Amino acid sequence: MALTPAVVRRCPEGTLRRIVNISSWYVHPDHRWRAPLMLKKLTDLPDTVLTDLTPSPSVRRMLPQLGFQPINRGTRFAFLPAAALHRGRGEGVVELPPAEDPAVMGSHRALGCVPLVVDGPAGSTVVIYRRTRVRGVPAADLVYVESHRALAGGFSALSRHLLGRGFLFLRVPALGETGRFGTVVLPTGVWYARGDYFHDRTDVVGSELTLFDL
């Protein structure tokens, strides 16, 4: 038994890519020895980007053998009052009205997801955040980042925008960036994928993280 939500995304070069998230799967205890075979069959999907965002320790050990690699190095937590202090040139944030939703949003507004356009020196990028809590404190989770490189230049503007809406923390996947004022990187929440779609971007909209508010 397996749950594998799938979405289709348009890449920057215009091609369409199918992304299948291996959300969860179950093997009866009497047949656990078949689990690697089941996972291999489950991932036998050519021309498809595969993700596993919540693997158990035993599954993490199997994923590299199936071509999966980590696509982040943990989770970056930003304390927004501190992250908002820096002011850069050309920064700005605009919330997209429903009529201008990017296709990636779909019906996720009903799940509490909010799309923004963040401007910075390296250009503009679309981000989507969802409302969550960190130790009971209001926080925002970035579930879609069109370009982390572009977001870096507008990070303080995004911090101020979210702070003004009552959030104290921002949680975002940690890529290769160095530490930023007001942030800390923890080696938790490492995601795995097979395919080249995730270079410089985050996209877990449509996964169990947003569908089931994990």
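Just so it is clear, the model here is predicted, and its values are computed rather than measured. Position 1 is the first residue of the sequence, and the numbers go up from there. Heavy atoms only: backbone and side chains are in, while hydrogens, waters and symmetry mates are out.
Using a 4.5 Å heavy-atom cutoff, the side chains of I19 and D203 are in contact. W191 places none of its side-chain heavy atoms less than 4.5 Å from the side chain of P70. Counting only heavy atoms from C-beta outward, the side chains of L170 and L158 approach each other to under 4.5 Å. Counting only heavy atoms from C-beta outward, the side chains of I22 and T51 never approach each other to under 4.5 Å. Under the 4.5 Å side-chain criterion, counting only non-hydrogen atoms from C-beta, R60 is in contact with Y192.
Distance alone, capped at 3.5 Å, places no donor-acceptor pair between the D119 side chain and the E91 backbone. Panel note: side chain R201, backbone V145; no donor-acceptor pair is recorded below 3.5 Å. The backbone N or O of A84 lies less than 3.5 Å from no partner atom in the side chain of S156, so there is not a single donor-acceptor pair. Formation of a donor-acceptor pair under 3.5 Å by the R73 side chain with backbone atoms of P187 is not found in this model. With T125 contributing its side chain and S147 its backbone, the two residues share a donor-acceptor pair below 3.5 Å. Judged by distance alone, the side chain of R194 and the main-chain N or O of L50 form no donor-acceptor pair under 3.5 Å. Without hydrogens or angle criteria, D200 side chain to H148 main chain gives a donor-acceptor distance under 3.5 Å.
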Could you walk me through whether L116 and V94 satisfy the side-chain contact (heavy atoms from CB on, under 4.5 Å) test, starting with their C-alpha distance in whole Å, then the side-chain angles of each, then the deciding distance to 0.1 Å, before giving a yes or no?
CA-CA 6 Å; L116 305 171; V94 176; over 6 Å; no
Apply side-chain contact (heavy atoms from CB on, under 4.5 Å) to the pair F155 and T183, showing each step before the final yes or no.
CA-CA 11 Å; F155 194 80; T183 70; 4.3 Å; yes
Could you walk me through whether R18 and T48 pass the side-chain hydrogen bond (donor to acceptor under 3.5 Å, both in side chains) check?
CA-CA 5 Å; R18 184 171 65 143; T48 299; 3.1 Å; yes
Could you walk me through whether D141 and T132 pass the side-chain hydrogen bond (donor to acceptor under 3.5 Å, both in side chains) check?
CA-CA 7 Å; D141 232 350; T132 186; 4.8 Å; no
How far apart are the C-alpha atoms of L151 and L142, what are their side-chain angles, what is the distance that settles it, and do they pass the side-chain contact (heavy atoms from CB on, under 4.5 Å) test?
CA-CA 11 Å; L151 176 62; L142 285 189; 3.9 Å; yes
Candidate pair R131 and R165, rule side-chain contact (heavy atoms from CB on, under 4.5 Å), full reasoning
CA-CA 11 Å; R131 299 170 179 85; R165 279 147 184 80; over 6 Å; no
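The two residues A150 and G123 come nearest to each other via the heavy atoms CB-O, 4.1 Å. When all heavy atoms of G166 and P138 are compared, the closest pair comes out as O-CB, 3.6 Å. Closest approach of L53 to P55, counting heavy atoms only: C-CD, 3.4 Å. Of all heavy-atom pairs spanning R61 and Q65, the tightest one is O-NE2, 3.6 Å.
Separation of atoms CG (L175) and CD1 (I71) is listed at 8.5 Å; rounding is to 0.5 Å. One distance of note links NE2 of H161 with CG of L163; it measures 11.0 Å at 0.5 Å rounding. L168 CG to L162 CG: the interatomic distance, rounded to the nearest 0.5 Å, is 11.0 Å. With values rounded to the nearest 0.5 angstrom, N72 atom CG is found 7.0 Å from T202 atom OG1. Here the straight-line distance linking atom CD1 of I128 with atom CD of E146 works out to 9.5 Å at 0.5 Å rounding. The line from CZ of F169 to CZ of R133 is 11.5 Å long, rounded to the nearest 0.5 Å.
For the pair D196 and R17, the salt-bridge criterion is met [side-chain N within less than 4.0 Å of a carboxylate O].
Using cut-offs of 30° and 60° on the angle between ring planes, the pair Y129 and F167 is perpendicular.
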